[in-house]
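Numbered from 1 within each chain, the chains take letters A, B, ... in sequence-line order. No hydrogens, no waters, no symmetry mates; every other heavy atom, side chains included, goes into these values.
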Number of protein chains: 2
Amino acid sequence: MGTVSKALLLLQFFDRDRPLLGLSEVARLAGMNKATVHRMLTELQAMGFVEQVGAAREYRIGPAVLRLAGLREAAFPMREVSLPVLRRLADVTGETAHAGLLEGTRLAMLSYAYSSRHGTRVMMDDAGVLPLHATASGLALLAFGDPALTDAALAAPLQRYTAGTIIDPGRLRQTLETIRQAGIAESLGGFEADVHGFAVPLHDQSGTCVGTLAVAAPVARMTDTLAAAIRTELRAAGQELSGLLGAGAQQAEGLRHAG
Amino acid sequence: MGTVSKALLLLQFFDRDRPLLGLSEVARLAGMNKATVHRMLTELQAMGFVEQVGAAREYRIGPAVLRLAGLREAAFPMREVSLPVLRRLADVTGETAHAGLLEGTRLAMLSYAYSSRHGTRVMMDDAGVLPLHATASGLALLAFGDPALTDAALAAPLQRYTAGTIIDPGRLRQTLETIRQAGIAESLGGFEADVHGFAVPLHDQSGTCVGTLAVAAPVARMTDTLAAAIRTELRAAGQELSGLLGAGAQQAEGLRHAG
DNA sequence: GAGGGCCGGTTCATTATTCGAACCATCGGT
DNA sequence: ACCGATGGTTCGAATAATGAACCGGCCCTC
C-alpha cells in the first residue's frame, strides 16, 4: 500500500465517538510505528486535514475538508439532491429517513430527515458510520453491492450490538438472499434494540450499488400497516433518488461539454 | 516536500471554476510528471478523495470529504457557530456577510448570509477561494496574520482583477499599515468592480489570526452612513465570533477531560 | 521523593517506495 | 492519413519512508 493511502487511512480512525485522538492512540489503531504516524500526521496537518489542539496535543479533523466538501457538493450535489427525497419520505411515513454512502468498506451517513409527526423518533448522527451486518442499510449494501465487499465483510469478526444482531456468516448469507428476493432489507433491533429499519440500495448510472436509502422507526409503534407503507414508499423513493443521482452524473458529463 | 503533502496539494487545483480536471491538466497545474500524478490520483481515488467520471475520465472531488466535513463540524462547529453571527450581521447592515478561513496561503469561504432587505446583493460561492491582495478579507489576513504569509503573498506576482486592484507591493504595504491602524480592512472594487468590502480578522484562542469576518455591499448604495454602520457592527461581530471560536477550542479541551 | 509507565517527539542506517523518461493506444480535428 | 492531445503503463535509478531505539516530560503509585 502506498504512502498516500496509508496516511489517508489515518483519517478514518476519527469518528463521532473519537473526534480527538493522540499520536500514540492513532498509531495503535493503525498498527503503525509511532514515528511513521507522526510524520504522516505532520504532513496532514501542514495541508489542513488535521490539527493539533489542547494541552495534550491531540489531533482532530482540520478545516481543509470544509472547502472540499463544499466543492464536492457544488460539483455533485448528492446531499442537496437527496434532502427533498428524504424529507418527503419522512413526511409520508412519519419516521426518520436517511441516506448512506459506501465509502471503501464502510457505510457513511450522507444525510437524513426527521418527521415531526410523533414525540419520539430515531435519531441520526452527522458523519456517523453504520455497521454493515447489523443495520438495514448495511445489509442492503451487502445484498446488492460488490460480492467482494460482502465476502470480506462476512469473513471479518462480526460485532454483536444487541441480542438481535446476527453474527453467524451462514445465517447472514441466508438473510442476504431473502433481501435480494424482496428487493428491500429489514433489520429488527440488529444495531439498536428498539429500532426497526428498512433499506433499499441506491445505484449510480452504471447500475453499481453506491449507497442506501432507509427508514428507521421505533419498534413500539410498528404495525403491519405501517411496515407495508414504509416498504412501498421506500421502493419508490429509492428509484427516484437513484435516478436523480444518475442524472447528477450525467450533468457532470454535460458540464464538461459546456465548459 | 513529502509524498503525502504533494498528493494532497493536487486537491487544491479543483475549484469552483474547475470542478472537473483531467490527468494531464492536473499534472500541468501541479508541475509534476503525469505518471506521478496518475499514481497519486489513483491512491486518492482508492481512498475516496477523488473519483473519475465521464467518457473523458476526468477527476472531481470524491465523497470521502463529506463525512470528514461532518466530523469536523461535529468536533468544532465553526460553520454552525458562525451562521447566527453572520445572519445577524447581514440583517443589521442589510448587506451580505461572510466568514473566511485561512487555509495554508489561501482564504477559503467558510460560510455566508444574505440580507433580503434589497433586490440586489453581493453573491457568494460555496467552497470559493478569495485572493489575498484584492479583497477586504484578504487584506485583513495580510494585515493581521503571520508576517511570513504577507511577505510570501507580496513577493508573488499579483493578479489584477479590476482597474481598482492594487498590485504594487509597496502601495499594498502602505495599505496594510493603514488597515492595522484602523483595525478594519476595506476594499473598493479591488476584486469585483462594483463591490465595496469591509473585513476584520478572526483570532483563535491563542490570538493567532485564522480567518476573517466581512461585509460586502454594492458600491451603488454605499453611503457614509452605511459605511459607518458596517464598520461598527462588523467590529462588534468580529469580537463576538472570535470569542465563540475560542470557546469552541476550549470546549474541545473540555471534551477530552470529560472523556 | 523515587520509580514506573505512558505520553509526544526525534534520529538515522536501512529498506521500500517513488520518480519520470519513454513508450503505448485511442480519439478528435484538419 | 497525419498530427497533437489525451489517459495510461513500465522499470532502472533515485529518493523518501521506515521504525528501533532513544529523549524529556507528566502523572500515578508506593
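- Of the candidates dG8(D), dT6(D), dG9(C), the closest approach to any side-chain atom of R28(B) belongs to dT6(D).
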message: Checking V4(B) against L8(A) for the side chain to side chain contact (heavy atoms under 4.5 Å, CB included) test, could you report, in this order, the C-alpha distance in whole Å, the side-chain angles of both residues, the deciding distance, and whether it holds?
response: CA-CA 9 Å; V4(B) 177; L8(A) 295 175; 5.8 Å; no
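- Checking the phosphate oxygens (OP1, OP2) of dC7(C), no side-chain nitrogen or oxygen of Q52(A) falls inside 4.0 Å.
- Closest to the side chain of K6(B), out of dG9(C), dC19(C), dG19(D), is dC19(C).
- K34(B) contributes no side-chain N or O that forms a donor-acceptor pair with the base of dG20(C) under 3.5 Å.
- Ion pairing between a basic and an acidic side chain is recognised when a charged N comes within 4.0 Å of a carboxylate O; E58(A) and R18(A) show no such pairing.
- Among the nucleotides dT18(D), dG20(C), dA20(D), the one closest to any side-chain atom of M40(A) is dT18(D).
- With distances taken from any side-chain atom of E43(B) to the nucleotides dG8(D), dC7(C), dT18(C), the minimum falls on dT18(C).
- The listed nucleotides are dC19(C), dG7(D), dG19(D); the one nearest the side chain of N33(A) is dG19(D).
- Checked against dA21(C), dG7(D), dA17(D), the side chain of T3(B) finds its nearest nucleotide in dA17(D).
- Taking the nucleotide of DNA chain C with the nearest heavy atom to each of R57(A) and R39(A), the more 5' of the two is matched to R57(A).
- For R67(A) (side chain) and M109(B) (main-chain N/O), no donor-acceptor pair under 3.5 Å exists by modelled atom type.
- For Y59(B), no side-chain nitrogen or oxygen approaches OP1 or OP2 of dT6(D) to under 4.0 Å.
- Between T36(B) and dG20(C) there is a side-chain polar atom (N or O) within less than 4.0 angstrom of OP1 or OP2.
- With dT9(D), dT18(D), dG8(C) as the candidates, the nucleotide lying closest to the side chain of A35(B) is dT9(D).
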